[in-house]
Amino acid sequence: MRHLCVLALLALAAPAAAQPSFSPAPGPAYPNTICVVNTVQDEFWAVFDTLAPGQNWAMAVGLRIIGPMAPQCMSFAPGIAVRVRVTMPVRSGSGGTTSNLVCTQLLQPVRSATVNITGAPQAPVCSLS
């Protein structure tokens, strides 16, 4: 019984798990939606990094975007910064893959926005709207 009481006190003293700063669906806790729209016939990764007050940048999620497709979106909590890094995989002759950075978009503080990938294959550009 004494063991159970000590464990219960330790559980009460443990910090609660922090609410994540992002969600695949908008809602009251995640009112800021960032979508990536691709019109280029190529493959990209959109990596969303978050920065909460008093924290360091942390990768939240990466979305694979292949060719023109429906907008790929993530929703974020208010009061944070979001950095969207769009990369394009490059395959080498030896079978390896590296990533070329296409663009970085910073929303500080986060707001709803669209990152547009346009241009030609192997020569994409990004813009923020």
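Here the structure is a predicted model, which is why all the values come from computation and not from measurement. We're numbering straight along the sequence, starting at 1.
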For [range], which residue pairs pass the ring pair (Phe, Tyr, Trp, His ring centres under 6.0 Å) check, not counting sequence neighbours?
{"range": "residues 109-129", "result": "none"}
{"range": "residues 99-118", "result": "none"}
{"range": "residues 104-129", "result": "none"}
{"range": "residues 77-107", "result": "none"}

statement: Excluding I117, membership of its hydrophobic cluster (Ile, Leu, Val, Met, Phe, Trp, Tyr; side-chain heavy atoms within less than 4.5 Å) reads F22, I34, V36, V40, F44, F48, V61, L63, I65, M69, M74, F76, I80, V82, V84, V86, M88, V102, L107, V110, V115, L128
Sequence neighbours left out, cut at 3.5 Å: what donor-acceptor pairs do the side chains of residues 49-59 make with other protein atoms?
from: D49; atom 1: OD1; to: R85; atom 2: NH2; distance (Å): 3.1
from: D49; atom 1: OD2; to: R83; atom 2: NE; distance (Å): 3.0
from: D49; atom 1: OD2; to: R83; atom 2: NH2; distance (Å): 3.2
from: D49; atom 1: OD2; to: R85; atom 2: NE; distance (Å): 2.6
from: D49; atom 1: OD2; to: R85; atom 2: NH2; distance (Å): 3.2

If you take all heavy atoms of [X] and [Y], which pair is closest and at what distance?
{"X": "N116", "Y": "T114", "value": "OD1-CG2, 3.5 Å"}
{"X": "P31", "Y": "S112", "value": "O-OG, 3.6 Å"}
{"X": "Q105", "Y": "C126", "value": "NE2-CB, 4.0 Å"}

Which residues pass the side chain to side chain contact (heavy atoms under 4.5 Å, CB included) test with [X], sequence neighbours left out?
{"X": "S75", "answer": "P26, Y30, T33"}
{"X": "V125", "answer": "T118"}
{"X": "T97", "answer": "P89, R91"}
{"X": "S99", "answer": "T87"}

field: Pair listing, salt bridge (charged side-chain N to carboxylate O under 4.0 Å, His left out) test, anchored in residues 92-108, at least two apart
entry: none
- line: In short, salt bridge (charged side-chain N to carboxylate O under 4.0 Å, His left out) pairs touching residues 52-75 with sequence neighbours left out are E43-R64
